Trainee: 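Here you go, one structure.
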Amino acid sequence: MINQEIARIFQEMAEFLLMEEAAFKPQAYEKAALSLETLRENIGEIYKKEGIEGLKNIPGVGQGIAEKIIEYLKTGKIKEHQRLKKKFPIKIEELMAVEGIGPKMARDLYEQLKIKDIKDLEKAAQAGKIRGLPRFGLKTEQNILQGIKFFKKSGSRFLLGEILPRVYEIIAELKNLKEVKQISEAGSVRRRQETIGDVDILIASSDPEKVIDHFVSLSGVIKIWNKGRTKASIRLSGEYDVDLRVLPEKQFGSALQYFTGSKEHNIVLRKIAVKKGLKLSEYGLFRGEKRIAVESEEEIYEKLGLEWISPEIRENTGEIELALKTKLPELIELKDIKGDCHCHSHWGAGKRIISELAETAIKIGYEYIGISDHTKFLRIEHGLDEKQLIQQKKEIEKINSRLRQGFGGQAKFKILQGCEANIMADGSIDISDKVLAKLDYVIAGVHSQMKMTESEMTERIVKAMRNPNVDIISHPTGRILKQRDEYKIDFDRILRVAKETGTILEINANPYRLDLNDKNIRQAKKIGVKMIINSDAHQKEQLNFMPYGVFQARRGWAEKKDVINAWPLKEFLNFIKR
DNA sequence: GCCGTTTTCGGCCCGACTGTTTTCAGTCG
C-alpha cells in the first residue's frame with residue numbers, strides 16, 4: 001500500500017535528519033509518517049480528488065511534506081530522501097533494531113568505521129574496534145554484542161494469547177500478599193496488543209521490599225535481571241521478561257496511566273496538559289508545584305477535560321479528539337457475546353463432541369453455539385461431504401430436543417449447524433448449494449492456494465461472497481501471526497462487496513490469527529459491514545479464545561451494533577441471507 | 001517542517017538510565 005511506502009520513507013528521513021542534527025524537522029517527518037501509517041484512505045486517491053489541499057488536511061502534513069508526497073506519487077521517489085541515503089548509505093532500520101543504538105550512534109559508527117549493517121557491526125564489535133571511539137567504551141561494545149544476540153534470536157515478541165493467562169496468574173498470586181494494595185498489568189499487555197515485547201506490572205504498596213522479594217521468587221523465574229528497591233525484572237520460563245514497579249499507593253493512577261501508554265497517546269496528553277498550563281508525568285498532573293490529580297486515571301483524564309479512554313484504543317488514532325468531545329464509541333464487551341459460531345466438532349474424524357461443546361458453551365453463559373466443521377476439500381481435516389452434513393444435521397436436531405427437555409421444554413440454548421466450507425481457487429464452494437441451503441448458516445474460507453496475485457485472490461473471495469448461501473467469511477485476510485503474512489487482497493473491494501451482499505466478516509479470536517486486525521475492523525465499521533467474533537475452537541477448551549477476539553474488536557473500535565453475535569439470536573438469524 | 005480559543009512567528013513532551021564524562025548526550029519507553 002502506497003501510504004505505508006511513503007510512511008516508511010518519511011520515517012527513514014526522520015532518522016537521517018536526526019543524524020544531521022536538524023532541529024525539529026525529524027519530529028515533523030516522524031509525525032507525518034505515523035499519520036500516514038494510520039490513514040485509512042489511499043493517499044493517491046486523496047490527491048486525485050482534493051489535490052494538495054486534501055493532503056494538507058492530513059495531520060502533520062503541511063506545504064513541504066505535501067509537496068514531497070506529490071513528488072513521490074509522480075516520480076516514485078523523493079529527491080531529499082535520495083540525498084540523505086547517499087550521505088548515509090546504511091541500513092538504518094536494521095542498525096537501530098539493536099537495543100541501545102539510535103541515529104547518532106549509527107552515524108558515528110558509519111563515519112568512523114564504515115559500519116553499514118548488523119554484519120559490519122558485529123565484526124567491528126568482536127574485533128574490539130568500537131571501544132576506542134570517542135564517547136564509546138568497553139561497556140558500550142559489550143552492550144552492542146548483547147543487543148545483536150537478542151536481535152538475532154528475535155521475533156522476540158510474544159503473542160498476547162501466550163502471555164496473558166500467565167499474567168493473570170502472577171497477578172492473582174501477588175494479590176494474596178496483604179502488602180499489595182493495588183495491582184494491574186500495564187503497557188502493551190493492558191492495551192491488549194496482538195504481540196507483546198515484555199510484560200509490565202504495577203503494584204501500589206507501602207512495603208516494596210516484601211513485594212519484590214515475593215516477585216523474584218515466583219515459580220517459573222529462570223533469571224533475575226535486576227532487583228532494586230522499588231522495581232525488579234525477571235525472565236520467566238517462557239523466555240519472556242516481566243518488569244515490576246512498586247509505587248506509593250497515592251501514585252498508582254498517574255503511574256498506571258503513564259506506563260499503559262501508548263507513547264503516542266501519552267505525548268498528546270502531555271501536550272494538552274501544557275496547553276492548560278499543567279504538566280503530566282508518571283508522578284501526577286501538576287499545576288506548578290501543586291499536584292492536582294494522581295490517584296486514579298479517571299481523575300487525570302477528567303482534569304485534562306477528557307473522557308476516560310479504554311486502554312485498547314490508547315494509540316492516538318483519533319480517540320483523544322473524541323474523548324475531548326465526549327463522543328467515544330461504546331466498545332463491545334465480552335459479556336455482550338451471546339454465542340460462538342465457528343467451532344469444530346471433528347465429526348468427520350469420527351468424534352462426537354458436539355454435546356461437550358454445547359455444555360461448555362452453556363457454562364460460559366452463551367445462548368447458542370454453531371457447529372461449523374470443515375468440508376470435504378480439506379481431506380486432511382476430515383472435512384464433511386454433503387451426506388455427512390445431512391447426517392450431522394439429524395444428530396444436532398436430536399441433541400437440541402434433548403436440551404429442550406433438560407430445560408423443561410424451553411429453548412434456552414440452541415445448537416446451530418453451519419460449516420466452514422472451502423473457497424476454491426476459482427471462487428466456487430466445495431459443497432453443493434442444495435445442501436448449503438439446508439444449514440442454519442454457512443462460513444466460507446480460503447484454506448489453499450494462498451499465493452495468488454492480488455486481483456485473483458480478491459476476485460476469488462468476491463465470487464464466494466456473491467454466493468447467496470455464503471453468510472460469513474472466516475479469517476478474511478489469512479495471516480498467521482509470526483508465521484505468515486496476509487494474502488494479497490484488495491481489502492477495500494472486499495468491504496464494498498461485503499456491504500453490497502450483506503456478507504459478514506469474521507473476527508477470528510484464535511490468538512495466532514486475530515484476523516481481521518484492528519485496522520480492518522475500523523474500516524469495516526466505518527463502511528457498515530457487520531462482523532462476527534468467533535473462537536475457531538478445535539477443542540472445547542478453545543472456546544475460551546473468545547476474549548482475544550473481543551479485545552481485537554475493541555482495538556478496532558467495534559461496538560455491539562457492529563457485531564452480530566452480540567445481538568439476540570433472532571436478529572442474527574434474520575440478518576444473514578437465508 | 002508543522003501549527004495556532006494566548007501566536008502567521010516562535011514555539012515544539014517527560015523523565016530515567018547509562019556510559020561516558022567532570023556536566024551531559026544519547027537512548028528508551
Side-chain angles (χ1 to χ4, degrees), chain A residues 10 13-36 55-69 78 80-81 95-109 130-144 146-147 150 186-191 193 196-200 202 225-226 228-231 233 241 243 245 247 251 254-255 257-286 300 304-305 314 316 320 324:
Chain A
F10 285 163
M13 288 176 72
E15 314 299 355
F16 288 143
L17 289 164
L18 271 170
M19 292 162 70
E20 287 196 322
E21 315 256 344
F24 300 108
K25 276 196 200 182
Q27 292 85 325
Y29 276 94
E30 189 168 9
K31 185 167 184 224
L34 212 68
S35 187
L36 286 187
L55 297 178
K56 282 161 79 173
N57 280 334
I58 300 166
V61 177
Q63 185 67 30
I65 289 186
E67 282 171 9
K68 293 200 169 54
I69 293 174
I78 295 170
E80 174 73 355
H81 179 234
L95 285 171
M96 283 181 48
V98 178
E99 175 104 18
I101 294 196
K104 306 277 173 76
M105 279 172 87
R107 175 198 61 200
D108 294 346
L109 289 166
I130 290 175
R131 67 186 77 163
L133 299 178
R135 295 203 147 270
F136 288 76
L138 181 61
K139 199 71 189 269
T140 307
E141 189 174 272
Q142 286 167 344
N143 284 344
I144 285 174
Q146 190 75 32
F150 188 76
S188 52
V189 177
R190 184 161 181 243
R191 298 201 314 280
Q193 294 258 298
I196 306 294
D198 51 26
V199 179
D200 291 304
L202 299 187
W225 292 114
N226 73 63
R229 233 177 44 74
T230 61
K231 57 186 191 180
S233 307
D241 295 339
D243 294 341
R245 276 160 213 276
L247 309 139
Q251 267 178 35
S254 53
Q257 196 289 314
Y258 175 82
F259 285 108
T260 296
S262 66
K263 187 178 175 225
E264 289 72 22
H265 177 90
N266 285 353
I267 287 172
V268 177
L269 287 196
R270 287 198 285 266
K271 284 183 184 165
I272 290 174
V274 170
K275 255 188 212 158
K276 290 182 183 288
L278 309 173
K279 190 182 66 158
L280 178 64
S281 76
E282 62 258 53
Y283 304 112
L285 182 63
F286 296 84
I300 289 165
L304 289 172
R314 294 185 195 171
N316 187 30
I320 294 172
L324 279 166

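Predicted model, so just to flag it, every value in this text is computed and none were measured. Reminder, nothing fancy here: chain letters follow the sequence lines and each chain counts from 1.
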Trainee: Shoot me the first and last contacting nucleotide of DNA chain B against chain A, ordered 5' to 3', at under 4.0 angstrom to non-hydrogen atoms.
Mentor: B:dG1 to B:dG29
Trainee: In the strands shown, is B:dT8 matched to any nucleotide by a Watson-Crick or G-U wobble pair with both distances under 3.5 Å, and which?
Mentor: none
Trainee: At 4.0 Å (heavy atoms only), tell me whether A:P26 reaches a base, stays on the sugar-phosphate, or touches nothing.
Mentor: nothing
Trainee: Write down the distance separating the C1' atoms in B:dT20 and B:dA25, rounded off to the nearest Å.
Mentor: 9 Å
Trainee: With C1' as the reference atom in both, quote the distance from B:dG15 to B:dT8 in angstrom, rounded to an integer.
Mentor: 33 Å
Trainee: How is A:K231 classified with respect to the nucleic acid when contacts are heavy atoms under 4.0 Å: base, sugar-phosphate, or nothing?
Mentor: sugar-phosphate
Trainee: Between B:dT5 and B:dG1, how far apart are the two C1' atoms, rounded to whole Å?
Mentor: 24 Å
Trainee: Quick check: does any side chain N or O of A:S254 sit under 3.5 Å from a backbone N or O of A:E282, one acting as donor and the other as acceptor?
Mentor: yes
Trainee: Categorize A:Y258 for me: base, sugar-phosphate, or nothing, with a 4.0 angstrom heavy-atom threshold over every strand shown.
Mentor: base
Trainee: For DNA chain B, whose closest nucleotide is more 5', that of A:K56 or that of A:T140?
Mentor: A:K56
Trainee: Hey, mind stepping through A:I320 and A:L269 against side chain to side chain contact (heavy atoms under 4.5 Å, CB included) and telling me if it holds?
Mentor: CA-CA 8 Å; A:I320 294 172; A:L269 287 196; 4.2 Å; yes
Trainee: Answer with base, sugar-phosphate or nothing: what part of the nucleic acid does A:I65 contact at a heavy-atom distance below 4.0 Å?
Mentor: sugar-phosphate
Trainee: P atom, B:dC12 versus B:dT7: distance in rounded Å?
Mentor: 16 Å
Trainee: When we call it a touch if two heavy atoms are under 4.0 Å apart, what does A:L138 touch: a base, just sugar-phosphate, or nothing?
Mentor: sugar-phosphate
Trainee: Taking A:E141 for its side chain and A:R131 for its backbone only, find out whether a donor-acceptor pair lies under 3.5 Å.
Mentor: yes
Trainee: Heavy atoms only, 4.0 Å cut-off, all strands: where does A:K104 land among base, sugar-phosphate and nothing?
Mentor: sugar-phosphate
Trainee: Using only atom types and a distance under 3.5 Å, with no angle test, would you say the side chain of A:N266 pairs donor to acceptor with the backbone of A:Y258?
Mentor: yes
Trainee: Treating A:S262 as the side-chain partner and A:R314 as the backbone partner, does any N or O pair qualify as donor plus acceptor under 3.5 Å?
Mentor: yes
Trainee: Tell me whether A:S35 contacts the main-chain N or O of A:P59 through its side chain, where contact means a donor paired with an acceptor under 3.5 Å.
Mentor: yes
Trainee: Pick base, sugar-phosphate or nothing for A:L280, based on heavy-atom distances below 4.0 Å to the nucleic acid.
Mentor: sugar-phosphate
Trainee: With a 4.0 Å cut-off on heavy atoms, is A:V268 in touch with a base, just the backbone sugar-phosphate, or nothing at all?
Mentor: nothing
Trainee: Can you tell me how far P in B:dG26 sits from the matching atom in B:dT21, rounded to whole Å?
Mentor: 13 Å
Trainee: Among pairs that include at least one residue of residues 14-26 of chain A, which meet side-chain hydrogen bond (donor to acceptor under 3.5 Å, both in side chains), considering only residues two or more places apart or in two chains?
Mentor: A:Q11-A:E15, A:E20-A:R83, A:E20-A:K87, A:E21-A:R107
Trainee: So which one's nearest nucleotide on DNA chain B is more toward 5', A:E99 or A:P134?
Mentor: A:P134
Trainee: Under 4.0 Å, counting only non-hydrogen atoms across every strand here, what does A:N143 touch: a base, just sugar-phosphate, or nothing?
Mentor: sugar-phosphate
Trainee: Say you pick atom P in B:dC14 and the same atom in B:dT23; how far apart are they, in whole Å?
Mentor: 26 Å
Trainee: Taking the C1' atom of each, how far is B:dT27 from B:dC13, in whole Å?
Mentor: 16 Å
Trainee: Just verifying a value: how many Å separate A:Q63 CD and A:L55 CG, rounded to the nearest 0.5 Å?
Mentor: 10.0 Å
